[in-house]
Protein chains: 2
Amino acid sequence: MNNLPGHPPGRGPGASVKITDVAARAGVAPMTVSRVLNTPDRVSEPTAARVRAAIEELGYMPNLIAGGLSSRRSRMIAAIVPTIASPMFSAPVQTFTDAMEQAGYHVMLALSGYGAESEDAQIRAVLARRPDGLLLTGAQRSPAIRALLRSANLPVVEIWDTGPEPTDILVGFDHAEMGAAVADFFVRQGHTNFAALCARDPRAILRRQGFVDRVAHHGLTLVAERRLDAPSSIEDGRTGLRQIVGQLAPRTALFCSSDLVAFGAMTEARLHGVNVPEQLAICGFGDFEVARFCSPAITTARVDGGAIGARAAEALLARINGATAESRVLVPFEIIPRGTT
Amino acid sequence: MNNLPGHPPGRGPGASVKITDVAARAGVAPMTVSRVLNTPDRVSEPTAARVRAAIEELGYMPNLIAGGLSSRRSRMIAAIVPTIASPMFSAPVQTFTDAMEQAGYHVMLALSGYGAESEDAQIRAVLARRPDGLLLTGAQRSPAIRALLRSANLPVVEIWDTGPEPTDILVGFDHAEMGAAVADFFVRQGHTNFAALCARDPRAILRRQGFVDRVAHHGLTLVAERRLDAPSSIEDGRTGLRQIVGQLAPRTALFCSSDLVAFGAMTEARLHGVNVPEQLAICGFGDFEVARFCSPAITTARVDGGAIGARAAEALLARINGATAESRVLVPFEIIPRGTT
DNA sequence: AGGGAGATTGATATCGTGAACAACCTGCCG
DNA sequence: CGGCAGGTTGTTCACGATATCAATCTCCCT
């Protein structure tokens with residue numbers, strides 16, 4: 001009586017058909033409409049059909065804000081990553097979002113850049129929306145933030161890293177170990193001169209450290225090195241190589257913190273008349289498309305970023321649904337020898 | 001009295017300090033706490049200080065779900081793009097999200113893949129969260145969805161495309177025009193033989209059509225062409241070129257629907273002994289990093305994806321704030337001649 | 001001193017839904 | 001035929017905040 005279908009009572013005209021309107025139209029209680037939408041098994045078929053018809057006729061669209069307030073479940077997950085301009089993060093975010101949507105959750109995306117205090121602020125901000133779960137990048141958090149996360153009492157999954165004390169769930173791998181594996185790989189190929197182009201990204205720094213330590217462990221040293229800004233790009237790889245090309249030994253093995261850097265380094269090396277792989281062997285990280293399909297294809301330390309997102313979604317959903325999910329998922333990495341070594 | 005700071009009444013223990021708790025602690029009404037947070041100008045400084053202290057002491061975190069229900073403003077924007085695995089969309093999403101966060105909004109990300117019905121479903125799903133605005137990709141919508149969007153009564157910005165009847169705001173450019181510009185560019189360089197590698201993406205198809213039409217308008221024709229799946233990749237460019245390499249004229253100009261395709265085509269062409277640009281001139285689209293920094297750098301039709309996201313955010317915020325924002329923002333494109341032409 | 005404008009604070013009424021419990025109805029069993 | 005179990009539907013209230021209007025209080029001017 002109060003609200004004709006097209007003349008809602010709210011401020012602007014529009015989709016303000018509410019559950020009570022549907023209920024009135026179908027001749028049932030609002031709660032019954034809610035049940036048709038959320039727990040259809042608990043409604044008799046004839047009633048459900050009438051309700052569905054009313055929903056259709058009125059163009060009713062449930063208000064998940066109200067539902068979330070009432071049920072204290074937002075059906076929303078917040079994801080905080082430094083950037084999605086790099087495949088390193090766009091890949092897991094893509095698969096994670098896909099998987100969560102499949103399960104009826106939406107993903108709120110927040111970008112933290114590469115500053116810790118910015119991430120802290122983002123965490124506080126998204127918690128105000130009461131997400132049902134949280135995806136974070138990396139495993140290094142301040143005690144204050146850890147306490148905040150614990151008191152928020154929601155499942156948290158941290159990706160791309162590993163560490164002694166995860167906040168909750170962890171999906172990643174040991175970066176230092178991977179760096180060491182690359183060093184071993186080079187040594188096995190008979191290399192004795194090493195160089196590195198490494199971004200100032202917390203995890204890239206761990207990989208580099210693992211690489212450098214293992215090189216030292218073999219009694220060998222770096223002949224050249226350069227740090228790059230994060231997130232690092234093809235251009236950084238090119239300028240980085242340009243700066244160290246004079247210091248390279250006749251046969252040097254170059255460790256790069258990402259495939260983009262590796263691709264840039266390879267491109268620049270050739271322009272300087274340095275043959276790849278004869279004079280300069282290169283290993284990247286990430287198995288990005290460009291590394292796989294350029295020529296020669298770039299040897300890389302591969303971790304499936306998409307798989308990380310998928311496993312993170314699995315673990316988070318399991319935890320949300322009360323299952324006792326694994327709290328530490330180690331994803332495998334492997335070195336894929338290709339044309340640059 | 002009821003709720004000691006650490007012992008909230010809700011289900012799980014945790015951040016269930018609410019605005020009434022803060023109010024009690026500060027000796028004010030809940031409404032005053034709300035004002036301290038939302039309209040601090042309307043509270044006297046001594047009172048505000050007491051409230052801020054109470055917030056600090058109790059670790060109060062506002063519940064934006066409840067606030068959103070009450071104020072009918074979610075402070076949230078939904079963004080629906082086909083994928084973020086391609087820089088074509090990750091770039092605008094990145095800048096858009098950054099800009100919206102700056103303005104106090106969060107961005108809910110939904111991935112629609114390349115199916116229209118999937119996008120329709122996503123639109124319905126996100127509208128249930130009552131976003132304050134919507135970012136969509138492309139300008140082709142069914143009448144039903146357009147009606148739904150209009151009835152939802154929120155600002156909508158469509159990016160990456162242009163058309164006669166935008167739903168609301170539009171930030172993009174004319175793809176057919178761009179395709180034609182590439183044809184003109186090639187013709188000006190004296191080319192008479194053309195080829196195309198084009199993804200089955202709605203906008204790539206428009207660009208191709210513009211290219212083909214303009215080629216025909218010059219009285220010339222394509223000697224070879226291949227369609228690729230969307231989203232297309234470097235690999236698609238390589239396999240695509242492999243399939244047409246036998247049909248190429250001694251001097252052919254190749255139109256590619258993206259820089260990734262162009263890079264793949266260039267890589268594959270060289271492996272087949274086809275010189276770039278002498279025997280095969282190539283023009284890509286998007287000005288991706290790989291095109292800029294590979295060697296030779298790839299001639300491309302450039303549109304600043306990041307700028308699209310930024311302009312979209314501007315326009316949406318203006319509309320939200322009641323300003324009479326422009327409803328059609330045309331972003332410029334330009335052909336950047338580099339080493340492949 | 002009276003009074004009105006403007007600043008500050010409070011009380012009340014929703015916002016639209018789902019949880020919890022109550023009521024009813026049906027059918028079957030003893 | 002009474003009563004109980006199980007399925008179905010309804011009633012009531014709380015979720016946590018903000019919009020709105022009312023009530024003070026202050027200050028200043030005539």
Side-chain angles (χ1 to χ4, degrees), chain A residues 2-3 8-12 14-24 26-51 54-55 58 60-76 127-130 132 152, chain B residues 2-3 8-12 14-24 26-51 54-55 58 60-76 127-130 132 152:
Chain A
N2 305 330
N3 314 326
R11 297 161 189 291
S16 62
V17 180
K18 50 191 87 162
I19 206 169
T20 52
D21 301 328
V22 176
V28 298
M31 193 60 227
T32 300
V33 178
S34 175
R35 275 192 278 253
V36 169
L37 294 169
N38 299 313
T39 53
D41 300 345
R42 301 188 162 193
V43 181
S44 73
E45 184 43 35
T47 307
R50 278 214 323 285
V51 170
I55 288 175
L58 298 178
Y60 170 66
M61 171 169 297
N63 183 329
L64 289 180
I65 300 218
L69 178 60
S70 181
S71 67
R72 267 160 280 185
R73 298 185 51 212
S74 59
R75 298 207 143 273
M76 184 219 84
L127 284 182
R129 296 193 182 269
R130 302 297 189 265
D132 290 341
Chain B
N2 306 331
N3 314 323
R11 298 165 187 289
S16 61
V17 180
K18 51 190 85 162
I19 204 167
T20 52
D21 301 329
V22 176
V28 299
M31 193 58 226
T32 299
V33 178
S34 174
R35 275 192 278 255
V36 168
L37 295 169
N38 299 313
T39 53
D41 299 345
R42 302 188 162 195
V43 181
S44 73
E45 184 43 35
T47 308
R50 278 215 321 285
V51 169
I55 288 175
L58 298 178
Y60 169 66
M61 170 170 298
N63 183 328
L64 260 41
I65 299 217
L69 177 62
S70 182
S71 67
R72 271 162 275 187
R73 297 184 52 209
S74 60
R75 297 207 143 272
M76 184 218 83
L127 283 181
R129 294 190 184 271
R130 301 299 189 264
D132 290 340

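The shown structure was predicted, so the numbers you read here are calculated from the model rather than taken from an experiment. Every chain is numbered from 1, with letters handed out A, B, ... down the list of sequences.
Distance A:R50 CZ to D:dT9 C1': 11 Å, rounded to the nearest Å. Whole-Å rounding puts the B:I19 CD1 to D:dT18 P distance at 5 Å. Distance B:L64 CG to D:dG16 P: 14 Å, rounded to the nearest Å. The CZ atom of A:R129 sits 17 Å away from the P atom of D:dG16 (whole-angstrom rounding). Look at CZ on B:R72: it is 13 Å from P on D:dT18, rounded to the nearest Å. We find that CD1 of B:I65 is positioned 13 Å from P of D:dT18, with the value rounded to whole Å. Straight-line distance from the CG atom of A:D21 to the C1' atom of C:dG16: 11 Å, rounded to whole Å. Atoms CG (A:L69) and C1' (D:dA17) sit 8 Å apart, rounded to a whole Å.
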### Message
Protein within reach of the bases, or only the backbone? For nucleotides 5-11 of chain C, mark each nucleotide 5' to 3' as B, S or -, using heavy atoms under 4.0 Å.
### Response
---SBBB
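Using a 4.5 Å heavy-atom threshold, the side chains of B:T47 and B:V28 count as touching.
Atom OG of B:S74 and atom CD1 of B:I65 lie 10.5 Å apart (nearest 0.5 Å).
Listed by chain and number, the residues in a side-chain hydrogen bond (donor to acceptor under 3.5 Å, both in side chains) with B:R42 amount to none (sequence neighbours excluded). With sequence neighbours excluded, the residues forming a side-chain hydrogen bond (donor to acceptor under 3.5 Å, both in side chains) with A:R129 are B:H106, listed by chain and number.
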Using the 3.5 Å cut-off, write out each protein N or O paired with an N or O of nucleotides 24-26 of chain D and the distance between them.
none

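Helix-axis bend for the helix from C:dA1-D:dT30 to C:dG30-D:dC1: the local axis fitted to the five terminal pairs at one end deviates from that at the other end by 50°, rounded to 10°.
Side-chain nitrogen and oxygen atoms of A:N63 include none within less than 4.0 Å of the OP1 or OP2 phosphate oxygen of C:dC15. Between C:dG18 and A:S34, a contact under 4.0 Å exists linking OP1 or OP2 to a side-chain N or O.
Nearest approach of B:V22 to B:I55, heavy atoms of both residues: CG1-CG1, 3.7 Å. The minimum heavy-atom distance linking B:A54 with B:A26 is given by the pair CB-CB, 3.9 Å. For B:P30 against B:I19, the heavy-atom pair with the smallest separation is O-CD1, 3.7 Å.
Listed for the B:R130 side chain is a donor-acceptor partner under 3.5 Å among the backbone atoms of B:L127. Side-chain N or O atoms of B:S70 include none that pairs as donor or acceptor with a backbone N or O of B:A66 at under 3.5 Å.
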Listed pairs under 3.5 Å, donor-acceptor, residues 32-39 of chain B side chains, sequence neighbours left out:
{"from": "B:S34", "atom 1": "OG", "to": "B:N38", "atom 2": "ND2", "distance (Å)": "3.4"}
{"from": "B:N38", "atom 1": "ND2", "to": "B:S34", "atom 2": "O", "distance (Å)": "3.2"}

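A donor and an acceptor atom sit less than 3.5 Å apart, one in the side chain of A:S70 and one in the base of C:dT17.
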